[in-house]
Amino acid sequence: MIKFSHFIIGFMLLLCACKPNNKENRTDTKSVSSILDKRYSDILEYPLDSMAFPRSMDIKTGDINGVPSKDWTSGFFPGNLWQLYKITGNEAYKIKAEQWTAFSEKEKLNKASHDAGFKVYCSVGNAFEITDNQHYKDVIIEAAKTLISRYNPNVGAIKSWDFNSDEWQYPVIIDNMMNLELLFKATQLSQDSIYYNIAVQHANTTLKNHFRKDNSSYHVIVYDTISGKPYKKITHQGYSDESAWARGQSWAVYGYTMAYRFTKNSSYLDQAKATALYFINNKNLPEDGIPYWDFNDPSIPNVPKDVSAATIMASALIELYSYTRDDQFLNYSKKVIESLKSREYIIPEKVKAPFIFMHSTGNLPANSEIDEPIVYADYYYLESVLRMLNSQK
Ligand code: GLY
């Protein structure tokens, strides 16, 4: 097993290989690596509690927002432990990952939202990939059955949310593309094409209705279930209906890149490329690659950033690069990983917290989780690290 800090130093030096390797650079790399060690051991030490999956925290008070498994983010913490097990080879992460995954499994039967994908795939999906335990395979297929119960063939999409039903009849959010990975995987595991077919139909409907001429994505499309047609294009978490909410753009690129992986449909790849270019060439994207929470907030640069949008995009673009060999994509991912290894973004060593990075924004219009550590930013960072390492094998 590689000693963890050596592994991280090695990884960071690899990323720095293209830069002049001066003494100052090496010193900073070393100290950042010891902060990361502390961050990862805090994740391991976070106490087991099935009602308190760590979701986010108030960095000033140290209060951790712990949520039950029904919360859409519950799969990420077990996923972080599985990914840290892969990175370090340390069995202690695996033991904790199994325990947290067991808490999240019951979500396979929860029909209350489209989030079965996030909840089950990020925990149980990782568990299955790593252990090959057939029990996890059954959970994935059961969760996929649950998710397709929300599909309406007249609309050709899975319904995202049941709340605010007076405001929208049948809302479909761009985030929902992420949940299709569960369906594609369920067909591979079960040999039943129903999951694949629904995933493809959902992706096709979203491709038709969710994108603007400039290839940015709307957040919410509201459908009429009688005609099957969209009747409102709006936002829920962005600055305005016509703005480009940063994380939504990342979900879109990740979603269509992943859908291309399973289908080889070139129109999915084209959309992923086009939305990725919208994002990485945007005049409002800061030099360090970490976007503000919404590309069209008129108060930029005096607005919060969203590290989660950057890590989701970084992970997606490592995969997109593997299909396109377009250096712009990989360069963005490298830039994000490089930018994040700084004290500006990593939670200081002295803070006890089961998270890695500060400066994500969950839902600014609802005044919720603004400029905070949020678990899914860490999840996609760790996935980016793993993808980068795998691509170098
Ligand atoms: N619904 C997932 C998100 O907030 O990005």
Side-chain angles (χ1 to χ4, degrees), residues 53-57 65 67-77 79-80 104 107 110 112-123 147 150 157-164 167-168 170-182 202 206 210 216-222 234-239 241 243-258 275 279 290-295 297 304-316 355 357 359-381 383:
F53 287 76
R55 171 176 165 145
S56 57
M57 79 179 280
N65 174 19
V67 293
S69 64
K70 69 177 185 198
D71 188 89
W72 79 273
T73 63
S74 64
F76 294 117
F77 190 68
N80 286 346
S104 73
E107 294 309 312
N110 185 346
S113 86
H114 68 134
D115 289 320
F118 279 120
K119 289 187 275 192
V120 175
Y121 203 68
C122 296
S123 56
L147 182 55
R150 299 181 62 82
I158 293 162
K159 186 184 185 192
S160 296
W161 294 325
D162 292 345
F163 63 88
N164 281 359
E167 194 183 322
W168 42 51
Y170 197 94
V172 178
I173 64 176
I174 190 63
D175 325 25
N176 205 334
M177 283 298 300
M178 299 296 287
N179 293 314
L180 304 186
E181 190 165 0
L182 174 76
H202 182 100
T206 300
H210 250 89
S216 66
S217 171
Y218 284 99
H219 184 205
V220 189
I221 304 295
V222 186
I234 57 177
T235 197
H236 184 61
Q237 283 161 254
Y239 175 77
D241 292 345
S243 73
W245 173 51
R247 194 162 59 256
Q249 311 315 305
S250 302
W251 292 142
V253 174
Y254 192 116
Y256 278 99
T257 305
M258 174 274 297
T275 305
F279 187 110
I290 314 299
Y292 298 104
W293 75 286
D294 188 304
F295 283 102
D297 186 331
K305 286 185 159 184
D306 183 9
V307 165
S308 76
T311 59
I312 297 159
M313 186 62 86
S315 183
F355 303 106
F357 298 111
H359 305 310
S360 287
T361 295
N363 188 346
L364 189 139
N367 201 21
S368 169
E369 297 175 325
I370 300 172
D371 200 20
E372 290 191 352
I374 303 184
V375 67
Y376 42 86
D378 300 346
Y379 179 89
Y380 292 101
Y381 166 77
E383 188 178 80

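Positions are given from 1, in the same order as the sequence printed here. Atoms within a ligand are numbered from 1 in the order they appear, just like the ligands themselves. Every heavy atom of this structure was used, including side-chain atoms; hydrogens, water molecules and symmetry mates were not.
Each of the atoms 2 (C), 3 (C), 4 (O), 5 (O) of ligand 1 lies under 4.0 Å from some heavy atom of Trp72. If you number the atoms of ligand 1 from 1 as listed, the ones under 4.0 Å from a heavy atom of Gln237 come out as 3 (C), 4 (O).
A heavy-atom distance below 4.5 Å is not found between the side chains of Ile234 and Tyr218.
Taking a 6.0 Å sphere around CG of Asn367, one finds it holds 12 or fewer heavy atoms contributed by other residues, nucleotides or ligands.
The aromatic ring centres of Phe279 and Phe295 sit less than 6.0 Å apart. Separation of the Trp168 and His236 ring centroids falls under the 6.0 Å cut-off. Ring centroid separation for the pair Phe118 and Tyr376 does not come in under the 6.0 Å cut-off.
The protein heavy-atom contact nearest to atom 2 (C) of ligand 1 is Asp175 OD2, 3.0 Å. From the protein, the heavy atom lying nearest to atom 5 (O) of ligand 1 is Arg247 NE, 2.7 Å.
Ligand 1 has Trp251 within reach: a non-hydrogen atom of the residue lies less than 4.0 Å from it. For the ligand labelled ligand 1, residue Trp245 lies inside the 4.0 Å heavy-atom shell.
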